[in-house]
Amino acid sequence: METNDILTRLNKEQQEAVLQTEGPVLILAGAGSGKTRVLVHRIAYLINVCGVDPYSILAITFTNKAADEMRSRVDDMIGFGSREIWVMTFHACCVRILRRHAEEAGYTRYFTIYDTDDQLSVMKDIFKRRGIDTKFLKERTALGMISGAKNELVGPDEYARMTRGDYMTGQVADIYDEYQKRLRENNAMDFDDLIMNTVILFEQHPEILDLYRERFRYMMVDEYQDTNTAQFRFVSLLAGKYKNLCVVGDDDQSIYKFRGANIRNILNFEQIFPESRVIKLEQNYRSTQNILNCANEVIRNNRGRKSKRLWTENGTGNRVRFVRFENAYEEAEFVASEIGRRVRSGERSYKDFAVLYRTNAQSRLFEEKCLFLNVPYKLVGGVNFYSRREIKDVLAYLKTIDNAVDDVASTRIINVPRRGIGATTITKISTYAFDSGCSFFDAALSADNISSLSSATAKKVRGFTDFINDLRQDAKELTVEELIKKILKDTGYRKELEVEDTEESRERLENLDELISKAASYGETAEHPTLSGFLEEVALIADIDTVDDGDDRVLLMTLHSAKGLEFPIVFMAGMEEGLFPSAMSIRAENPDEEIEEERRLCYVGITRAREELIMTAAYARMVRGEYEPHPVSRFVREISRDSIDQPRAAAPKPAVPAPKGGLGSDMRDAINKSAYAPKPQNDRKEKSGYGSSTYSPYSNPYRKKTPLPAVESGVLSYGVGDKVRHKKFGLGTVTNIRDGGRDYEVTVDFPAWGVKKMFAAFAKLEKAED
DNA sequence: CACAGGTCTCTTTTT
DNA sequence: GAGACCTGTG
């Protein structure tokens with residue numbers, strides 16, 4: 001098994017990307033062109049063929065889910081060593097570095113990570129202290145501006161210099177400065193600080209930078225088009241010495257400008273790294289030709305992109321469908337019932353479907369309809385699990401225990417559950433802390449010295465501080481799981497919810513139990529479980545990371561969350577002007593730019609689909625309590641009739657104003673019926689099938705049309721039952737060989753290591769004589 | 001100090 | 001339509 005065998009599983013461009021291990025490499029990978037595959041093979045190649053130590057590899061992905069997947073695929077291929085590789089998100093990677101060098105960064109290693117809620121608490125307090133009128137400036141606006149500055153690596157001083165003369169931004173500069181001071185006092189960092197502080201650490205401590213430069217001689221960055229300036233700087237600093245930096249991205253999929261993503265990072269890569277090789281992956285292995293045509297037709301309306309055109313050897317496939325409904329309610333009913341119908345007929349599983357939409361607010365109707373029609377679903381995003389009240393309460397206890405100076409955490413729980421410590425008392429303690437320059441918890445400890453507090457109140461406060469101090473002792477002995485249980489018991493938190501016994505309280509209890517099991521599994525899987533470690537994991541988890549591919553459920557999520565995923569059948573809902581593209585982008589000062597970003601988002605959505613794509617829209621939709629008529633999204637109109645089933649009349653408006661009240665539904669119905677499908681004539685209760693036969697009674701002609709290139713028989717020198725030799729594991733017995741399409745997945749039982757599954761091309765197994 | 005009820009604002013998108 | 005916030009009452 002030599003290099004050649006690895007490469008035969010890849011197309012020419014993919015091979016090139018794998019082989020180019022040295023120097024800067026830009027891989028322009030169109031959607032579905034197998035970029036994860038390339039990255040995984042590249043890592044395997046580095047380790048197996050080039051003899052690179054896994055310890056020297058850093059691979060940065062966008063989500064934890066992607067990191068896990070990459071790690072396990074590397075594992076499958078080489079069977080060992082993947083634990084040593086750093087495969088993680090920017091944020092996780094920076095936290096890890098910052099914990100190790102916390103002192104140099106001006107923190108202790110117990111620093112906490114603030115989420116958006118925590119940030120807002122700090123900001124509200126600053127606004128209150130400064131008496132800033134929120135009509136003039138909103139907390140969230142200020143936080144947004146600060147975040148923007150941090151993403152550009154602009155600190156408070158530089159920000160102040162830049163804004164000289166302008167009153168409003170001048171105010172923000174002051175606020176920024178104070179905000180940073182407060183975070184530092186609280187031994188806390190927000191998401192943006194994690195990156196910025198790492199960059200500062202590297203710049204101020206060349207010896208630390210050098211440590212990591214020497215370590216990470218081979219770096220890979222996924223979803224490079226979504227990096228911001230700070231992340232770019234982080235990467236270039238690390239790669240500054242050996243320059244073995246391989247970035248993978250697609251400028252057409254850049255959808256995070258609002259988060260500071262700088263598309264120039266990818267567009268100018270060749271200028272920034274002059275020696276770089278550029279490799280384009282344009283063959284798509286995911287979607288049908290029709291789906292790709294749609295994607296191409298939409299995205300070609302953008303200017304200033306690197307030219308590329310996706311193509312595929314997959315079949316034409318079904319035409320993409322576009323269906324329009326009276327309102328969002330009927331849209332959701334169609335989607336849910338269509339899924340239910342097709343699963344019940346045995347044609348599909350629930351997990352084959354994803355419903356994608358522009359805004360989280362759209363999810364509610366889909367949830368309701370799925371619930372009603374018994375369609376199991378998983379909602380991604382929206383209210384994050386870790387931002388639910390009960391969860392945040394427990395986490396605030398843990399943070400107070402772990403990081404005594406985190407004022408946001410301690411003020412949150414000093415009166416949760418009720419201890420009779422009200423807002424007035426909290427303000428008095430806060431003021432004392434502020435005046436004496438100590439933390440809130442320290443101030444609470446000396447409640448007896450705060451003259452404005454009555455002795456009865458001081459006693460209550462002491463009850464709280466004693467309790468926390470006891471927990472701190474306990475924390476030294478207990479696992480995180482046990483500690484949480486103890487908190488819930490001793491505070492009476494659990495009891496209170498049990499007594500309440502409402503639907504809501506039961507849900508809270510369930511959530512708390514889920515938190516406990518997460519803590520338990522953290523305790524089992526982490527190498528060195530610590531309280532800080534748990535809090536960090538919890539802070540950096542994205543909702544999408546919790547998706548379990550094994551679950552047979554429909555996924556409901558935003559288009560943003562869907563990036564990097566794929567599904568046999570995709571619904572794109574709410575294809576309407578004002579929703580997608582959003583009203584904000586249409587009304588922006590620079591609408592062209594903003595709409596191009598929306599268009600890229602649309603491109604991302606379309607290219608998630610493997611076999612079928614169904615776009616839906618409503619004629620009118622409830623927006624902030626009022627019905628708004630919505631025209632069809634321009635993106636739908638950009639698709640030619642050849643690729644999509646769409647209305648004959650581009651804008652199906654009633655020729656005559658509707659006679660009755662309401663939405664003029666008669667005429668629209670008529671158009672709707674002729675163009676796509678009749679609404680079932682039966683009444684609402686029976687409405688489950690939404691005219692299935694009319695929608696298109698199709699088979700899937702392309703499904704088996706292009707078999708994956710089979711591995712030639714006889715390419716393996718061994719079979720089931722044979723003894724084989726592995727570079728690392730030594731002798732073992734082959735127990736199973738599965739044709740994985742492009743490669744064989746071989747299961748081998750190694751007496752010394754146990755049963756391992758690996759791909760033949762990479763495992764380099766040799767037949768051994770008995 | 002706690003809670004109920006009324007008013008105001010708001011929406012993209014997320015690590 | 002929902003959530004955050006404010007205000008008045010017990």
Side-chain angles (χ1 to χ4, degrees), chain A residues 60-67 88-95 113-117 119-121 124 128 134-135 138-141 144 147 150-151 189-196 223 226-228 230-231 254-261 328 356-365 380-384 386-387 389 415-427 454 456-457 460 536-545 557-564 574 578-588 594-595 597-598 600-602 604-605 621-627:
Chain A
I60 294 176
T61 60
F62 199 68
T63 62
N64 296 296
K65 185 176 173 1
M88 47 181 96
T89 63
F90 272 108
H91 296 270
C93 176
C94 287
V95 172
I113 299 164
Y114 276 0
D115 65 14
T116 324
D117 281 356
Q119 289 180 283
L120 200 61
S121 308
K124 287 208 166 125
K128 214 190 280 169
T134 51
K135 289 215 173 66
K138 279 171 210 59
E139 292 93 338
R140 292 192 43 166
T141 314
S147 170
K150 288 181 179 179
N151 288 331
M189 299 193 201
D190 64 23
F191 286 127
D192 304 313
D193 284 332
L194 297 176
I195 316 287
M196 185 171 76
E223 306 284 9
D226 284 321
T227 51
N228 61 36
Q231 291 163 333
S254 165
I255 55 174
Y256 281 105
K257 196 172 131 224
F258 73 93
R259 208 168 68 185
L356 310 183
Y357 36 79
R358 179 66 240 272
T359 65
N360 280 308
Q362 290 167 259
S363 68
R364 232 198 59 226
L365 286 174
V380 179
V383 191
N384 189 313
Y386 292 103
S387 46
R389 193 182 26 175
N415 197 32
V416 176
R418 314 258 105 89
R419 294 187 178 87
I421 303 173
T424 342
T425 311
I426 293 175
T427 311
S454 71
T457 313
K460 288 182 199 159
E536 164 187 324
E537 191 162 296
V538 156
L540 295 180
I541 205 117
D543 211 29
I544 192 74
D545 300 331
M557 64 189 145
T558 62
L559 289 151
H560 281 89
S561 297
K563 185 154 85 141
L579 184 62
F580 189 32
S582 72
M584 272 212 159
S585 64
I586 297 170
R587 282 197 307 256
E594 304 246 336
I595 282 173
E597 173 120 338
E598 299 275 309
R600 289 192 290 270
L601 189 56
C602 184
V604 168
R621 180 179 297 266
M622 190 78 99
V623 177
R624 267 192 293 222
E626 248 178 308
Y627 259 114

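No hydrogens, no waters, no symmetry mates; every other heavy atom, side chains included, goes into these values. The chains referred to below are lettered A, B, ... by the order of the sequence lines, with proteins before strands, and numbering in each begins at 1.
- From A/R621, atom CZ reaches atom CG of A/L365 across 8.0 Å, with rounding to the nearest 0.5 Å.
- Here A/K460 lies out of heavy-atom contact (under 4.0 Å) with every strand.
- Closest-nucleotide positions on DNA chain B for A/G420 and A/E598 were compared, and the one nearer the 5' end corresponds to A/G420.
- Taking atom P in both C/dA4 and B/dT13, the straight-line distance is 15 Å, to the nearest Å.
- Residues A/L120 and A/R140 have side chains in contact (heavy-atom distance under 4.5 Å, counting atoms from C-beta outward).
- Using a 4.0 Å heavy-atom cutoff across all strands shown, A/T424 reaches sugar-phosphate atoms only and no base atom.
- Rounded to an integer number of Å, the gap from CE of A/M622 to P of C/dA2 is 10 Å.
- A/D190 has its side chain out of reach of A/I113: every pair of non-hydrogen atoms, C-beta onward, lies at least 4.5 Å apart.
- Using a 4.0 Å heavy-atom distance criterion, A/N415 is classed as a sugar-phosphate-only contact.
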>> For a side chain to side chain contact (heavy atoms under 4.5 Å, CB included) check, start with the C-alpha distance between A/E139 and A/Q119, then their side-chain angles and the critical distance, and finish with the verdict.
In response: CA-CA 9 Å; A/E139 292 93 338; A/Q119 289 180 283; over 6 Å; no
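- Residue contacts shown for A/K124 are limited to sugar-phosphate atoms, with no base heavy atom under 4.0 Å away.
- If you take CZ on A/R358 and OG1 on A/T558, they are separated by 8.0 Å, rounding to the nearest 0.5 Å.
- Each of A/E597 and A/I421 has a nearest nucleotide on DNA chain B; the 5'-most of these lies closest to A/I421.
- When heavy atoms are screened at a 4.0 angstrom cut-off, A/R140 is found touching the sugar-phosphate backbone but no base atom.
- Counting any heavy atom pair closer than 4.0 Å across all strands shown, A/F580 reaches no nucleic acid atom.
- Nucleotides of DNA chain B lying under 4.0 Å from heavy atoms of chain A occupy a range whose first and last members, 5' to 3', are B/dC1 to B/dT15.
- Contacts of A/S561 with the nucleic acid, taken as non-hydrogen atoms under 4.0 Å apart, involve only primed sugar atoms and P, OP1 or OP2.
- Nucleic acid contact class of A/T425 (heavy atoms, under 4.0 Å, all strands): sugar-phosphate only.
- The residue A/D192 sits apart from the nucleic acid: no heavy atom pair falls under 4.0 Å.
- A side-chain N or O of A/D192 and one of A/S147 form a donor-acceptor pair less than 3.5 Å apart.
- In this structure, the side chains of A/F62 and A/Y256 come closer than 4.5 Å at one or more pairs of heavy atoms.
- Between A/H560 and A/Y357, the gap from one ring centroid to the other reaches at least 6.0 Å.
- Taking atom NZ of A/K135 as the reference point, atom C1' of C/dA4 lies 15 Å away to the nearest angstrom.
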>> Could you spell out the base pairing of DNA chain B as a dot-bracket line? Use Watson-Crick and G-U wobble contacts where both distances are under 3.5 Å, [ ] for crossing pairs, | for partners on a different strand.
In response: ||||||||||.....
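- Between A/I426 and A/I421, the closest side-chain pair of non-hydrogen atoms falls below 4.5 Å.
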